[in-house]
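Inspection log for the structure reproduced underneath, given as structure tokens.
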Amino acid sequence: MPTRVLVIGGGSGGTMLANALDHRRHEVTVVSASSDHLFQPALLYLAFTGAAARPVRPERALLGRHVHLVEDRVTRVDLGSRQVSTAAGRDLGYDYLVLATGIQSDPSQIPGLAELNARFGDYHSTVAQARLLWRHLDAFGGGTIVLGQSTPVCKCPPSPVEGILLADELLRRRGRRGASRLVFLTPYPRPYPAEAVNEVVEPILAARGIEVMPFFDVDRIDTEASVVHSIEGDEVRYDLPILIPPFVGADIAFEPPDVLDPDRFLRTDRHTLRVQGFDNVFAIGDGTDLPTSKSGVGAHLEAKVVARALKGRPASFDGRTNCPLDLGHGRGTFVIGSYDRPVARSRPTRLKHLMKIVFGKVYWLSLRGWLEPVFDLYFKLTAPRPS
Amino acid sequence: MEPETVPHTLVDARGSACPGPITDLSMAYRRSKVGDVIELWATDPGVKPDVRAWATKTGNLVRSVEHQPDKIVVVLEILRR
Ligand SMILES: Cc1cc2nc3c(=O)[nH]c(=O)nc-3n(C[C@H](O)[C@H](O)[C@H](O)COP(=O)(O)OP(=O)(O)OC[C@H]3O[C@@H](n4cnc5c(N)ncnc54)[C@H](O)[C@@H]3O)c2cc1C
């Protein structure tokens, strides 16, 4: 009898995992709140370059034929009795459960932010929000653009720096850079938290005349006065605010509730990826509390580890990150590290930018697992070295 | 170390490569109140200068920094929020 594997969440991690399982051994079901699959990295280009292509495909078309898809939102998970309940009233059972529910933006945590995001858009939630931001950038004639992450946890840590550099590039191309001031807010001591990457990023920001306000954790926004205030007591006035909202884990009631941390991230074993206290429950992707960057590459590598574990093979996650960083003007770098290998400095090149674009192009194919041999080779060749 | 009587939050940021331990500290700071004690565990040696710069900027106190064989333990007291 095949064992029943239930995957909650049809995003990057859930889709890759479901496709990687062997249908002769496992009966695989994906339950996902959305029938559409959004390629989130494209939101950056929708918002900052006005890219037109809609980066969305139906989830059904991305899953292998052997995978069942249930389009429904999970509301409750009881890990003790192995029961999953949904908004439409379904009750789903399982032998193995994989939680791949990602994180969602939650502007309600910061006074003024929901109103601000609704008016100006953002590039970490939906296609409509990213297009709204593009319309503001496209119409921007001059003044102060303030851009930053509101809180320390950010989906795709390079994306704030990428945003400000692409805004700079846009304004230069349009001949409006002279009439504008660009201010980059960060809760960290420096523009990029990992020192080795910062050594590359900080001089570029300086050369492009971008002001940096470090230790800026957004506390509240005074939308009347157009001012952002930080917990640390600083403030900045904006004409165009681009604030990345805080993120929270999925809105699911868990039994026992203490598998979630205060930000609703799942307490996950760093190596086995099992959810604390349950041998038959795994978590992958952005929704975990792993001390790694919240990235699609992370979700991909974690899906591989869980697929191996479900096949009964030895499997351990090493904390590998591999995030591309677009530096604007056609150049890029990579942020590569793991639990025991710190992020190393990587020279910006045109090739690395091109690789980011290629990853985007092959995303839909990579979900099916057909490119795994190529990825395995790539990850091996680019593995971080001991310090 | 003397027994703690005040709320003591343990933040385990060992193995954090990117974005790094300062992320976990800032998240704990957002949730903290004046008087709280935060104990941060990290393996990234960059944590020391970062925590000192953070404490200077935010007006909080670094009580101790201790190197143990498997980790660096930083104890902070929240004086300002
Ligand atoms: C601007 C931007 C740029 C980025 N750039 C990069 C990049 O260059 N490289 C990179 O690697 N990553 C990048 N990322 C990050 C990447 O998109 C995410 O890390 C990745 O999608 C995480 O995968 P996941 O499977 O954990 O979650 P997601 O892909 O977010 O999927 C979560 C799924 O769970 C479903 N779900 C949620 N709640 C429920 C529920 N209650 N019931 C049922 N289903 C539910 C959702 O519908 C969704 O299908 C970027 C992200 C952004 C926003």
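Throughout, a chain's letter reflects where its sequence line sits, starting with A, and its residues are numbered from 1.
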*Considering all heavy atoms of both residues, which atom of B:Trp54 and which atom of A:Phe215 are nearest to each other, and what is their separation?*
CA-CE2, 3.4 Å

_Residues of residues 195-202 of chain A contacting chain B, heavy-atom criterion under 4.5 Å, by residue number_ = none

*Could you check which of B:Pro49, B:Gly59, B:Ala53 has the highest count of heavy-atom pairs closer than 4.5 Å to chain A?*
B:Ala53

*Going by the side-chain contact (heavy atoms from CB on, under 4.5 Å) test, name the single residue among A:Asp219, A:Thr151, A:Val153 that passes it with B:Arg30.*
A:Thr151

*Report the distance from atom CZ of B:Arg14 to atom CG of A:Asp340, rounding to the nearest 0.5 Å.*
13.0 Å

*Using non-hydrogen atoms only, which part of B:Arg31 is less than 4.5 Å away from chain A: side chain, backbone, both, or neither?*
side chain

*Which atom pair, heavy atoms only, marks the closest approach of A:Glu232 to B:Arg80?*
O-NH2, 3.1 Å

*Which atoms form the tightest heavy-atom contact between B:Asp12 and A:Arg270, and what is the distance?*
O-NH2, 3.4 Å

*Give the minimum heavy-atom separation between A:Pro152 and B:Met27, together with the two atoms involved.*
CD-SD, 3.4 Å

*Tell me, with the steps shown, if A:Arg190 and B:Ile22 meet side chain to side chain contact (heavy atoms under 4.5 Å, CB included).*
CA-CA 11 Å; A:Arg190 52 188 163 270; B:Ile22 200 79; 5.6 Å; no

*More than 12 non-hydrogen atoms from neighbouring residues, nucleotides or ligands closer than 6.0 Å to CZ on A:Arg331, yes or no?*
no

*Side chain / backbone / both / neither for B:Asp24 at chain A, heavy atoms under 4.5 Å*: neither

_What's the separation between atom OG in B:Ser32 and atom CD1 in A:Ile231, rounded to the nearest 0.5 Å?_
8.0 Å

*Should we say atom NZ of B:Lys48 is surrounded by more than 12 heavy atoms from elsewhere, each under 6.0 Å from it?*
no

